[in-house]
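Structure, as C-alpha cells:
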Number of protein chains: 4
Amino acid sequence: MSLLIKNGLIVTSDTQYKADIYVEQEKIKAIGVNLNFKAEEVIDASGKYILPGAIDSHTHLCMPYMGTYAKDDYKTGSIAAACGGVTCILDFNTQRNGETLYEALERKKSLAKGNTAVDFSLHPSITEPKDKIIKEIKTAITDYGTPSFKVYMTYDFRVDDSVILKLLAETKKYGGMLQVHAENFNIIEYFNNTFEKQKKLSIPYHPKSRPNIAEAEALSRVAKLAEITGGNLYIVHLSSKEGLEEVKRAKDKGVNIIAETCPQYLILDESRYFEPEFNGAKYVMSPPLRDKQSGEALWEGIRSGYISTIGTDHCPFDFNGIKDMFGKNDYRKIPNGAPGIETLMMLIHSEGVAKGKITLQQMVKILSVNTAKIFGLKNKGSICPGKDADIVIFNPKIKFNISYKKLHMNVDYNPYEGFDIIGMPETVYVRGKKAAQFKNDRVEFVGEIGRGRFIKREPSF
Amino acid sequence: MSLLIKNGLIVTSDTQYKADIYVEQEKIKAIGVNLNFKAEEVIDASGKYILPGAIDSHTHLCMPYMGTYAKDDYKTGSIAAACGGVTCILDFNTQRNGETLYEALERKKSLAKGNTAVDFSLHPSITEPKDKIIKEIKTAITDYGTPSFKVYMTYDFRVDDSVILKLLAETKKYGGMLQVHAENFNIIEYFNNTFEKQKKLSIPYHPKSRPNIAEAEALSRVAKLAEITGGNLYIVHLSSKEGLEEVKRAKDKGVNIIAETCPQYLILDESRYFEPEFNGAKYVMSPPLRDKQSGEALWEGIRSGYISTIGTDHCPFDFNGIKDMFGKNDYRKIPNGAPGIETLMMLIHSEGVAKGKITLQQMVKILSVNTAKIFGLKNKGSICPGKDADIVIFNPKIKFNISYKKLHMNVDYNPYEGFDIIGMPETVYVRGKKAAQFKNDRVEFVGEIGRGRFIKREPSF
Amino acid sequence: MSLLIKNGLIVTSDTQYKADIYVEQEKIKAIGVNLNFKAEEVIDASGKYILPGAIDSHTHLCMPYMGTYAKDDYKTGSIAAACGGVTCILDFNTQRNGETLYEALERKKSLAKGNTAVDFSLHPSITEPKDKIIKEIKTAITDYGTPSFKVYMTYDFRVDDSVILKLLAETKKYGGMLQVHAENFNIIEYFNNTFEKQKKLSIPYHPKSRPNIAEAEALSRVAKLAEITGGNLYIVHLSSKEGLEEVKRAKDKGVNIIAETCPQYLILDESRYFEPEFNGAKYVMSPPLRDKQSGEALWEGIRSGYISTIGTDHCPFDFNGIKDMFGKNDYRKIPNGAPGIETLMMLIHSEGVAKGKITLQQMVKILSVNTAKIFGLKNKGSICPGKDADIVIFNPKIKFNISYKKLHMNVDYNPYEGFDIIGMPETVYVRGKKAAQFKNDRVEFVGEIGRGRFIKREPSF
Amino acid sequence: MSLLIKNGLIVTSDTQYKADIYVEQEKIKAIGVNLNFKAEEVIDASGKYILPGAIDSHTHLCMPYMGTYAKDDYKTGSIAAACGGVTCILDFNTQRNGETLYEALERKKSLAKGNTAVDFSLHPSITEPKDKIIKEIKTAITDYGTPSFKVYMTYDFRVDDSVILKLLAETKKYGGMLQVHAENFNIIEYFNNTFEKQKKLSIPYHPKSRPNIAEAEALSRVAKLAEITGGNLYIVHLSSKEGLEEVKRAKDKGVNIIAETCPQYLILDESRYFEPEFNGAKYVMSPPLRDKQSGEALWEGIRSGYISTIGTDHCPFDFNGIKDMFGKNDYRKIPNGAPGIETLMMLIHSEGVAKGKITLQQMVKILSVNTAKIFGLKNKGSICPGKDADIVIFNPKIKFNISYKKLHMNVDYNPYEGFDIIGMPETVYVRGKKAAQFKNDRVEFVGEIGRGRFIKREPSF
C-alpha cells in the first residue's frame, strides 16, 4: 500500500518546510518538492502541518490498583492514543510479587498482543530489587529491547539509595537508563502524620503533604547518585520549579540527567483542589498539581532544553464510584491518577504553541524527536526517509471543545473539560495506515486493533 | 544540471540517516531511500557524511587596517572558504567616515561582485551612530536584507551605552539584531597605560591587557541593556569562561542573547604568546587567546546550547613583513587578526567531534543550522528538500596535516601549522555545482569565481 | 567632669550585659560590675540600653542645589543629629568648579567650625578628576585624615570607568577607599528621553526612569573595576534587591566591597509616589524608593552581613515652595532628597529590632561598630574602655509618634509622618557631656553648639 | 582571690583595645584604663593578647570504640585542654543500648565528676530514637541544660530522614537544636563494596570511599528537612567545599543552619594518606581529610561567616598497637579519630591569623564568642564584665615546635608533628584561677583536677 501526502508543511525540530511525502510498505520512502510518484492514496495537505506521531513516554495501561484496575487497557488506551495523534506508547511494566522482569515483560506483552492499535514498548518497573533481578537487566536490554527501568523513591514499593546506586551502575553498563519517581518518602509521611493528628485530611491537604521541596530533595539526591556512578538518569513527571532547579544544577555539572514533565503540570495548578463537591479528587495524582510559578518554570524548562520529553502519566479512574468512593474523608485514600493520553498533542499545541509559550519546533522535539532518541526508538520520531510512517496531518485551524464524551478514553470525566482547543490531529497514520480521522466535531478511530507491535528498543548511551 | 548523491549518511541537527539526495536547478529536490532518479551526475557517498555547507558568521574580507589591508579579498577568501566546506560567508561591512550604511553596503557588494566563489551576505558595522544613520536601519533590513548590525565597545570607533540602547531598540522594531564586540575599553586602556609605565610591552602582555574580566564586564553590561530594551543581542567571538557565565546568567533570566565563539578560543590558548622569535605575534588578536579552562568551558557551552554559532573572525596578516614589522617592541602595534575560514570545518570535526567533545549533530547545528536560522538565511543551513544544494560530502577517514602551504588562504603562516587532522571535506557543492574536491593530499578548488551571490536575508525575530 | 551610668544593659555587636560605666575627661574609663567610683553625675539606667552613639555615614549639610541650598546647615543638622542619638556625622564635601580637594576641605571645615553640636568628618567628593586632583588624595588621607572619597556614575558631574580605575588604584595605595553612587547614567537618560517623547513626566515615572537594573548594572561594573585594581570599594545608598545580588556576587569572589543602605530603602516603597496632591514629591530622591521585595532583601542583607552600614543621605528640601515649585509637570525637575538624620536610630530600632527583622546586636553593628571601623574612627563606635564617651541611653519603652513638628530638622515635612515609634534615645552624651534629653513627648537639645570637633580619621585598609 | 591583668590587648570579635582587667570571685569584675584596683595577683600583660578561653564544641572523651576506648578520659583530656587554652569542653554523650537520655547524662556526668580541670557540658547523642526517648528532649533541655542533640546519618547507629524530621521539630519546640553528622551512608557503602570487590582496601581508599559529594548530599538533604520543619540545624565537622556550598545555599534561603569545621580540615589534606609505613592511618577519621581546595574554601567560609564554630572532634587512638593493629589490609577496620584538643588554639592562630587567612577578631569569634552564643553558655566566651574569668594570656611571639612528647594528650603521635608554631597560650585562667603556664619550651599544667564544673546551658533559639 502506498501513500502520497502533498503540499503539507513538514515540521522538524529545527525548521519547517513545504514538501511532499511518499510512503510505501509502512515506511517513509521519499520527501521532495513536487514528487511525481504514483500512489494508491494521494492526499492534499495544503495548509496543514505534517508532524511525526507523538510518543507518550509515560503510561499505565491495565494497571492494577488497590484491588481494582486503572480504567484503560491496551485496547481502549491505544484507540484513545491514535485519536490523539499518539502513535507509540511507552508503558510501565511493574514487577509483581515474586515475578522476574522477564515474566513481567511476557505477561504484559501478552496483554497487549492483538489488542493494540498503535506500537508500544515497555519500561520494566522494579519493585523487588534482589541481586537476581538486577542481573536480569542485561538480558532485558539486549534481548527484550527494554533499556529503561523505573524505580520509585516513595510508596511502599520504594527503593533506597543503595538500590538506586546499584541500578544506575548496572543499567549504565549496557547503555540503559534508570527512570526515577523522585519524591522523598519521609517528608510525605511527616506531613501525612502531622495532618492526621491535626485532622486535616481534606483534598487541599493532598498537595501540602507532598510539597515542592519533597520533589526537589529526592531529585537533588538521585542526581548526586547519578554523578557518583556516571549512570544515566531519567526523571519522570517533573512537576515543580524547585525540582527543575535541581535538574539544571546537575546538568550544568555534567550529570547525564534527562527530565520529563506532563501536560497537567504545565497547564493546571493546585487551585483545582478547591473545586466544590469533591471534584478536587479528579486531580489527585502524585506528584500533585503545583503553584502557577512551577507551571511557568516548566514551560521555560522546555524552551531552554532542560526538559526533554513529555509523558502523560495516563492512569485514569472514574470519578463516580471510584474517586469519590474512597477517601471522602481522607485524601490519602483517593486513587491517584488521571486520564491524558488522548489530549496530549492538542493541549501542547493549543496551550503551548498557539499561546506562544513554545515553538512548533519545540513541540515536535518534546513530543517525538527527543523521545525517540532517548528511548532508542530508532525508526520513530521524525518525518525522515527510512523511518516508520507514523504521521499526523495536523490542522492548526480546527476548533475543539474538550469533553470526555467526545474522547475515547474509558473514564467518566476529563481534567480539561470545557477547554477550547485550537488545532487538532486531522488524520493519523500508524506505519502508513490511517488510524484516526477528524469528522464533524471529533476524531474517530478508523484503524485496526491488533496492528500495533511491540518495538524492541536500542540502548541510547 | 542534475545530481544524485547516493548512500551517504545525511546529518541533521537531530539525527543521521542513510538516504539518497537528488539535486536539480541548484536546489535539493528530493531525499529518499533508493531514489531511482536519473541524474547527469551520480555519486556514491557510501561511508561519508552528507553535511550542509558551513556558514561562517564572522569574516573580515578586504578589510583596511592601518593603511594596509587584511590579506584576503573576496576572491582568495571565497576560494579558501569553498575548499574548507564553507559555502556561505557573513562578512562585516564597516561604515567609513561620512559614509551612510547604504553607501557602505553598495561599496562592499561591488567589491564582491563577480569575485566570489560562494554565497555571502553582509553585517553593517556602525561606527558613526548619528540619528540619520540609525534611521537607515529599517531600510537596511527590509530592502537590503541585512538584519544584523555590529558595534564595538572598544577601539577608537567604539560606541557608548546610550548608542547601544538606541540600536537595540531600533533593530528590534524590524526584527533585526545587534552584534556586539564586548570588551571594556577603559579596562584595556588602564592596563595599556600601566604596562607602558612599567615598560612591559612584550607579546605576553597583550592578553594581560585584555583580561577575561574585561570581556565579562562588557558582556554583563550589554546584556542588561538588552534586558531593558527587549532587544535582540548577539555576542561576537565569545572567548572566556567568565564571559560565558554572563551569557548564561542573562539567558536564564530570559534575555534574548545569542553567543558566537571561534575555533581559536576553543582550541588554542594563551601559552602561544610565549613562542620564541616573535612567533607569538601570529596569535595577536582581540579578544586574545585565553586560559585552558576557558577553552573547556566554551566546548561545554556548545554542548549545553548557550553558545549557538561559530565564526572564524577571519582577518589574516602576513607574519613576515606585517606582523613582525610593527610592534616589535610594543604589543599594541601588532596588527590584530589571524586566518581561519578554510580550517573551520576540519578543526571543529577533528578537535571537537573526533575527540568526543561534541557530537556530529552539534557540529552541524553550530556550523550551519543555527547560523542559517539566526541570520535569516532561509534557503541555507540544512540538507532538506527545497533548500539550496550547498552540500559537503565529508570523509571522516581522510587524514590531513595542516600547513599554510596546502591551504588557499592568502597568508604566509597558519596558527594550526602541523596539526594532524582526521576528517576532511571531500567534495563541496555550491548551489548544486561542484566547487572543491579533495585530491591527493589537499583540497583543490574546482569551482567558478563569480558564481557566489549576495543573499538577501530575512529578519529572524 | 565625671559620670557614672549604673545598671544599664550595655549592647555590643556580639552580646548585651548589665554593667556600670564610668566616664572621665570625655572618655570611657571603666566598665564593671557594681563599680564604686565617685562621679559628679550618677545616673541609674536600669531597664535601658546603653548604646554607642550612632554614626551617620552619609549626609549632605549646607549642600548647594540649583541655586538654593538643602535646608540643614551644620547647626540645625547637628542639633537634629544629637536629638536622634547620632553623635558623629560623615558629611560629603563636594569639590566645586576649579577647587582643589584641600580648598574644599578647608571651606567646609570652616562652615562647621563653631557651629556643630556633634563630631564630624568629611568625605571629599571628586567632580573634576584631573591628575593634579588625584595626586591630592595622598595628603587628604595622611594629613587631613579623610580616607574616603566619593564619585558619581550618573549626573552631570559623573566620572567614567577610566577615572574610577585610577581612583581605586590611588586610594588603595594609602589605605583609603572609593565611595560610589552606582547608577548607569545612560540607562536613566534612555528612560528620560523615552518618557519625554511619550509625555510621561508625572512623579510615578521618576522610579521607572531609574529602574533597579540601572543600579545593578553600575554596581556590577564598578565591582569588576575594584576586582581588577584590588581597590577598596564602598557602595553608597544601596537600594535594590538586584543591586544587593551584585554585592553578594562580588564579595563571594573576594572583592573588597562594602555596602551601605538607608532607612528609606528598608522601610518605604515606591507606592509612595502615588500619594495625591503632588505629595509623591516628598519622596523624590535618587536612587528612588523601590519595590517591597527590595526592602525585604535589604533587611536580609543586614542579617547576612552583606550590608555593613546605614547612612541617611540626609538632604532635605521644603515641600512647600521648593519641592512643589519645581517639576509640577516634570519629575526630572523636582529637587532630589529628603530629611533623615534625626529619625535614623528610632526607625532602625522600631521598624527593625522591635519588629524582629534584626537583633539589637545587628543594630549596633550597622549604626556604630562597623561604621567606625570602616571609616577609621578609632575612638568611636563601641562602648569600650578608652573610647570617646559618645553614649546613648536608649529607652525601649518610650512611644513616639513621628511628626516633623516635634523634630529638629529644618524642613516642613517628614517622610515618616505619623509613624508610631517604640523606643527612643532618652539621654545622649557627646564625649561625656549631655547633648539631648527626652522630655514629655519629644527629645530636647541640651547640648552646646560648637562642641563638635572635626575628627581626623585613619586609613582602614 | 583577686587578680589584676594590666596592659594587655583585649581582643573581642569586633575590635582590640588596651585595658586592664580586674577579676574577683571567678568573674571579670571590671575592665578599664589604668584601673587602680588592689589585687592579690597583678600581672603585666604588655605586648600580649587577652583572649577569652577557647570552647571546644566537639570532643569524644571516654569514648568506647570496638571494645576499647579512645585514649583520653576527662582527666587527661581536660589537662590537655587547659594547656591549649581551651577552658570549656562540649563533649558528646552517646546513648548506649537501652539507656535513656537521662541515664546517659548521669553516667557521663559521673565520669567527669571530680576529674576535670576545665568546665564542660554535654551533647546527648541519640542512637535509639524511640518515641519515649524523643519525649525526653524537653527535660534534657529545661532541667539538664543540654539543648543540643546529635544524630548520625551514617554508621550502624544512623537515623533515617523520618527521625531527623521528628527531632528537628521536637528540639525546636524548646529552643534546642539538632547536630548532624552529615554523610550519605549508602554512598559510602557503595564505595566500600566496590573497593572490596576490586581489592582496593589500602589507606588511600579511605577518602575515596567517602567522597565530598557524600557529605554534600547528606547536607543538602538535612538542610531541606530543616527548611520544612523550621528546625535549628547544626552541621558538625564540615569538611568539604561542596558541603560548604550546600550550607551557603541553605543559609541564603533562610534556613537556620550553623556550620562547624575542625582544624584538620582547614590545615591538613588527603595527601597525608599516602605517608609510608602505614603512617596514613594516623589521619583516618570520618569525614576524611579532603583536597586542598576544600581547605581553602573552609577558611573562606570562616571569613564570610558561613562557618560559625570550630571543634576538634578530639578522639585519639594510639598509632602503635591500635591504629596499626587493626586494618593493616583493610582501611575500613582502622579506628577512626585523632587528637586535637590541645593544639586547637595554637593552630588556628599560627596557621590562620599569622598567615593572614583570618583576623584575630575572626579567631576569637569562632573559638569563643560564637560557640558560647550558639550553645547557650551565657557566662562564657567573651572578655566582658560579669562573665566567668576564663582568660588566656596569649603571647604572639612564642615559637613552638609541635611534638606529641611536649603535649598532654594521652596518645603516641600527633598529626601536626614537627609543625612550627608562632604564638602560644602563655597563661591560662579557668574561672580566675591559673590552670596552665608556658615554661621553657612547653605549656605546663598548674591547675586543679576537679575544679571543672558541669555547666547548665540555656536554649539559644
Side-chain angles (χ1 to χ4, degrees), chain B residues 129 131 134 153-154 158-170 182-194 197-198 208-231 240-243 245-246 248-250 252-255, chain C residues 129 131 134 153-154 158-170 182-194 197-198 208-231 240-243 245-246 248-250 252-255:
Chain B
D131 284 355
I134 294 175
M153 294 173 83
T154 191
R158 70 189 174 279
V159 299
D160 72 13
D161 295 1
S162 70
V163 170
I164 292 176
L165 284 160
K166 276 187 212 169
L167 292 175
L168 282 164
E170 189 71 9
E183 287 189 292
N184 180 306
F185 172 77
N186 288 305
I187 292 177
I188 297 166
E189 279 303 287
Y190 172 78
F191 283 109
N192 281 340
N193 294 336
T194 302
K197 276 182 209 149
Q198 300 173 339
K208 288 188 202 305
S209 72
R210 314 179 85 97
N212 295 12
I213 199 173
E215 178 172 271
E217 190 294 306
L219 217 158
S220 159
R221 179 157 35 110
V222 73
K224 288 190 175 79
L225 303 184
E227 187 178 348
I228 278 172
T229 55
S240 68
K241 189 173 191 291
E242 289 79 358
E245 276 160 23
E246 297 294 342
K248 273 189 160 181
R249 259 183 112 204
D252 286 354
K253 279 176 76 180
V255 176
Chain C
D131 284 355
I134 293 176
M153 294 173 84
T154 191
R158 70 188 173 279
V159 301
D160 72 14
D161 294 1
S162 71
V163 170
I164 293 176
L165 284 160
K166 278 188 211 167
L167 292 175
L168 282 164
E170 189 71 10
E183 288 189 291
N184 180 304
F185 172 76
N186 288 305
I187 292 177
I188 297 167
E189 280 302 287
Y190 173 77
F191 282 109
N192 281 340
N193 294 335
T194 302
K197 274 180 211 149
Q198 300 173 339
K208 287 188 204 303
S209 73
R210 315 179 85 97
N212 295 11
I213 199 172
E215 178 172 273
E217 189 295 306
L219 217 159
S220 160
R221 178 155 37 110
V222 74
K224 289 189 174 78
L225 303 182
E227 186 176 348
I228 278 172
T229 54
S240 69
K241 188 172 191 289
E242 289 80 358
E245 276 159 23
E246 297 294 340
K248 273 187 159 181
R249 260 183 112 205
D252 286 354
K253 279 176 76 178
V255 176

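So you know, we letter chains A, B, ... as the sequences are listed, proteins then strands, and number each from 1. All heavy atoms count here, side chains included; hydrogens, waters and symmetry mates do not.
- Taking CG of Asn186(C) as the reference point, atom CG of Asp160(B) lies at 5.0 Å (rounded to 0.5 Å).
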Step by step, would you call Glu242(C) with Lys224(B) a side chain to side chain contact (heavy atoms under 4.5 Å, CB included)? CA-CA 12 Å; Glu242(C) 289 80 358; Lys224(B) 288 190 175 79; over 6 Å; no
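- If you measure heavy-atom distances from Asn184(C) to chain B, the contacts under 4.5 Å come from the side chain alone.
- Contacts between Ala218(B) and chain C at a heavy-atom distance below 4.5 Å are absent for every atom of the residue.
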Before giving the answer on side chain to side chain contact (heavy atoms under 4.5 Å, CB included), spell out for Asp161(C) and Phe185(B) the whole-Å C-alpha distance, their side-chain angles and the decisive distance to 0.1 Å. CA-CA 9 Å; Asp161(C) 294 1; Phe185(B) 172 77; over 6 Å; no
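- Contact count against chain C (heavy-atom pairs under 4.5 Å) is highest for Thr229(B) among Leu225(B), Ile164(B), Thr229(B).
- Using a 4.5 Å cut-off between heavy atoms, Glu246(C) contacts chain B through its side chain alone, with no backbone atom that close.
- In Lys208(C), the NZ atom is not crowded: 12 or fewer heavy atoms of neighbouring residues, nucleotides or ligands sit closer than 6.0 Å.
- With a 4.5 Å cut-off on non-hydrogen atoms, Glu217(C) touches chain B through its backbone and its side chain both.
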